[in-house]
Colleague: 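The structure follows.
Since the model is a prediction, treat every value here as computed from it, not as a measurement.
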Amino acid sequence: MANEVDRLVSWRIVAHNLGVKNNAQIISLNTHTNILSSTRSKIHFMKIAIVKLSALGDIIHAMVALQFIKKNFPNSTIDWIVEEGFKDILINNPDINSIHTVNIKEAKKNKSLKLLFKELRKLKKLPKYDVVIDTQGLIKSAIVAHLIPANKQFGFDKTSLREAFSANFYTDTCHIDYSENIIKRNAFVISSALGFNISHAEILDKKSFLHSNCKNITVFAKNHKPNIAFIPGASFKSKIYPVDKYIQLANELDANIIVLWGNEEEKLMADQIKFGSNNVSISEQLTLDELKPVIAKMDLVIGGDTGPTHMAWALNIPSITLFGSTPGYRNTYMTDVNQVIESNSQVNPYKIDKNDLSIKDIGVDKIALKAKELLKLV
């Protein structure tokens, strides 16, 4: 708790030093009635900036809205502000005009205020936008949105946020419960800012929206069995399904299992899974842009609540996402082919318990049965 308080206080100090002032005019839009003011509904913003800095899955969950912006405003230009390390998930997307990167994470890692202020001040040099939309709702992303030259900075109101102080940096806001599905939240804040709606049916019928120029990446066995990707890694331990259970699952499935990994710790897990099963191969280390076509060619993706697993949903590829300490109802958008299996934990989306290791209690037989059901749909 002390670290959380320190973090919030430090961002407020940053805001003060940058001369950020709160002059917000709050407009609360009710998510249940979807009432848009007549004035806002007539405004056609043509130059749009979207702020979603990190992490991989969160960026993917916001990207779905791009195609609907272009559907409603085909002549609009859309720029995206993102952390340098995640820009490759955005590249080659035809709906994005420019990608602007910041290195806030690097400044934090090096504990360098000089680098932090350098990164934030360069935002003031961006071209002026009709509207900047902060889909992240953290204090740091709100400050980023506030510093970008624009007629309006749009975000969530204080009752819709875990970091309520963020709402002070927007000129306009909307309301949707923080506990609501994250894809719905992203779609709602963007569509509210621009005066149109994105329906449940439209999201279900979305077009694949991850694009790559990478070709000739081969990770598949030359036989007629289905190709299944295992994603064993995640950002923290309580989102990781046990290696020994991945081995059991691999032995249960008559398929080519390809284990995807992104760092040395995940490579070790991949090696252990391969050692325990004869039908497992390991991919080479892939960039985010290289990962897109690999996921796109899979028959099924199985993994925890992590970016590469969510890429399957973005690419309309069947997937099973495993949840323990994080809320499955909130962090995925279920479809006929994108399913979730959750532990029995009662998850509080406002305070994730990273000591909740209940994901290990999910039965292998339950995953195998769901996998076999989904493979029949391929």
Colleague: Taking only residues two or more places apart in sequence or in another chain, which ones pass salt bridge (charged side-chain N to carboxylate O under 4.0 Å, His left out) with E266?
Modeller: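 None.
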Colleague: Testing the 3.5 Å rule here: is there a donor-acceptor pair between the side chains of D361 and S358?
Modeller: no
Colleague: What about I341 and Y329, same hydrophobic cluster or not, with Ile/Leu/Val/Met/Phe/Trp/Tyr joined at side-chain heavy-atom distances under 4.5 Å?
Modeller: no
Colleague: For the residue pair K206 / N316, report whether a side-chain donor-acceptor contact shorter than 3.5 Å exists.
Modeller: yes
Colleague: Return the minimal non-hydrogen interatomic distance between G307 and I60, and the atom names on each side.
Modeller: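 Heavy-atom minimum between the residues: O-CD1, 3.7 Å.
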Colleague: Checking side-chain polar atoms at under 3.5 Å, does N223 have a donor or acceptor matched by the opposite partner on N256?
Modeller: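 Yes, a side-chain donor-acceptor pair sits under 3.5 Å.
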Colleague: Should we count NZ of K118 as having more than 12 external heavy atoms under 6.0 Å?
Modeller: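 Open.
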Colleague: Run E252 and K372 through salt bridge (Lys or Arg N to Asp or Glu O under 4.0 Å) and show every step you take.
Modeller: CA-CA 10 Å; E252 181 72 22; K372 292 170 185 178; 3.4 Å; yes
Colleague: Restricting to pairs with a member in residues 333-354, which pass ring-ring contact (aromatic ring centres under 6.0 Å, His included), not counting sequence neighbours?
Modeller: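 Qualifying pairs: Y178-Y350, H200-Y333.
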Colleague: For a salt bridge (Lys or Arg N to Asp or Glu O under 4.0 Å) check, start with the C-alpha distance between K47 and D130, then their side-chain angles and the critical distance, and finish with the verdict.
Modeller: CA-CA 5 Å; K47 196 164 187 180; D130 293 302; over 6 Å; no
Colleague: Is there a path of hydrophobic side-chain contacts, each under 4.5 Å between heavy atoms, that joins V340 and I231?
Modeller: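 In one cluster with V340: I231, no.
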Colleague: Just verifying a value: how many Å separate Q67 CD and I198 CD1, rounded to the nearest 0.5 Å?
Modeller: 8.5 Å
Colleague: Can you find a side-chain donor-acceptor pair between N338 and S319 that sits under 3.5 Å?
Modeller: yes
Colleague: If hydrophobic clusters are built from ILVMFWY residues whose side chains come within less than 4.5 Å, do F323 and I362 share one?
Modeller: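 In one cluster with F323: I362, no.
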Colleague: Less than 4.5 Å apart, side chain to side chain, heavy atoms only: is that true for S76 and I78?
Modeller: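 They are in contact (side-chain heavy atoms under 4.5 Å apart), so the answer is yes.
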Colleague: Taking atom types as modelled and ignoring hydrogens, do the side chains of T159 and D157 form a donor-acceptor contact shorter than 3.5 angstrom?
Modeller: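 Per modelled atom types, T159 and D157 side chains form a pair under 3.5 Å.
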Colleague: I'd like to know if L66 and F209 are part of one continuous hydrophobic network [Ile/Leu/Val/Met/Phe/Trp/Tyr, side-chain heavy atoms within less than 4.5 Å].
Modeller: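 Looking at the clustering, L66 is in the same group as F209.
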Colleague: Can you name the nearest heavy-atom pair linking F156 to Y170, along with the distance?
Modeller: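 Looks like O-CE1, 3.4 Å.
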Colleague: Going from OG on S281 to CD1 on I273, what distance comes out if it is rounded to the nearest 0.5 angstrom?
Modeller: 11.5 Å
Colleague: Between K70 and D95, is the closest basic N to carboxylate O distance under 4.0 Å?
Modeller: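 No, this pair does not count.
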Colleague: If you compare all heavy atoms of A234 against all heavy atoms of T306, which two are closest, and at what distance to 0.1 Å?
Modeller: CA-OG1, 3.9 Å
Colleague: Any idea which heavy atoms bring I228 and L375 closest together, and the distance?
Modeller: CD1-CD1, 4.0 Å
Colleague: Among S325, S238, S345, which residue satisfies the side chain to side chain donor-acceptor pair (under 3.5 Å) criterion with D356?
Modeller: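 Option passing the side chain to side chain donor-acceptor pair (under 3.5 Å) with D356: S345.
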Colleague: Please say whether more than 12 non-hydrogen atoms of neighbouring residues, nucleotides or ligands are located less than 6.0 Å from CG in N263.
Modeller: yes
Colleague: If you measure only the distance, is there a donor-acceptor pair under 3.5 Å linking the side chains of E84 and T101?
Modeller: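 Side chains of E84 and T101: pair found under 3.5 Å.
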Colleague: Backbone N or O of A167 within a donor-acceptor pair of the K158 side chain at under 3.5 Å?
Modeller: no
Colleague: Any chain of hydrophobic side-chain contacts (each under 4.5 Å) joining W261 to L286?
Modeller: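 W261 does not cluster with L286.
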Colleague: Does a sphere of radius 6.0 Å around NZ in K245 hold more than 12 heavy atoms from other residues, nucleotides or ligands, not counting ones at 6.0 Å or beyond?
Modeller: yes
Colleague: Within 45 degrees of the axis of the six-membered ring of W80 and under 6.0 Å from its centre: does K87 put its NZ or CZ there?
Modeller: no
Colleague: Would you call E265 and K237 a salt bridge, taking side-chain N to carboxylate O under 4.0 Å as the test?
Modeller: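 No, E265 and K237 are not salt-bridged.
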Colleague: Side-chain contact test, heavy atoms from C-beta onward, threshold under 4.5 Å: evaluate it for T332 versus H310 and give yes or no.
Modeller: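 The answer is yes, as the side chains (C-beta and beyond) meet within the 4.5 Å cut-off.
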Colleague: Would you mind reporting whether I133 and L194 have side-chain heavy atoms less than 4.5 Å apart?
Modeller: yes
Colleague: Quick one: list whatever passes salt bridge (charged side-chain N to carboxylate O under 4.0 Å, His left out) with E106, sequence neighbours left out.
Modeller: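 Salt bridge (charged side-chain N to carboxylate O under 4.0 Å, His left out) check on E106 returns nothing, list empty.
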Colleague: So which heavy atom on D134 is nearest to which on A142, and how close?
Modeller: OD2-N, 3.3 Å
Colleague: Do S179 and D177 have side-chain atoms, one donor and one acceptor, less than 3.5 Å apart?
Modeller: no
Colleague: Do the side-chain N and O atoms of D305 and T326 include a donor-acceptor pair separated by under 3.5 angstrom?
Modeller: yes
Colleague: Sequence neighbours excluded, which residues qualify as salt bridge (charged side-chain N to carboxylate O under 4.0 Å, His left out) partners of D254?
Modeller: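 Here the qualifying residues are K225.
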Colleague: Verify the neighbour count for atom NZ of K105: are there more than 12 heavy atoms of other residues, nucleotides or ligands below 6.0 Å?
Modeller: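 Not buried by this count: 12 neighbours or fewer within 6.0 Å.
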Colleague: With a 4.5 Å cut-off on side-chain heavy atoms, are I320 and L300 touching?
Modeller: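 Answer yes - side chains close enough.
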Colleague: Any cation-pi pair here, K239 with F236, using under 6.0 Å and within 45°?
Modeller: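 Checked: cation-pi criterion met.
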Colleague: What residues, two or more places apart in sequence or in another chain, satisfy ring pair (Phe, Tyr, Trp, His ring centres under 6.0 Å) together with Y241?
Modeller: Y246
Colleague: Can you tell me how far the CG atom of L138 sits from the CG atom of D58, to the nearest 0.5 Å?
Modeller: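 Atom-to-atom, L138:CG and D58:CG are 8.5 Å apart.
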Colleague: With sequence neighbours left out, write down each residue that passes salt bridge (charged side-chain N to carboxylate O under 4.0 Å, His left out) with K354, or none if nothing qualifies.
Modeller: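 Listed in chain order: nothing, the list is empty.
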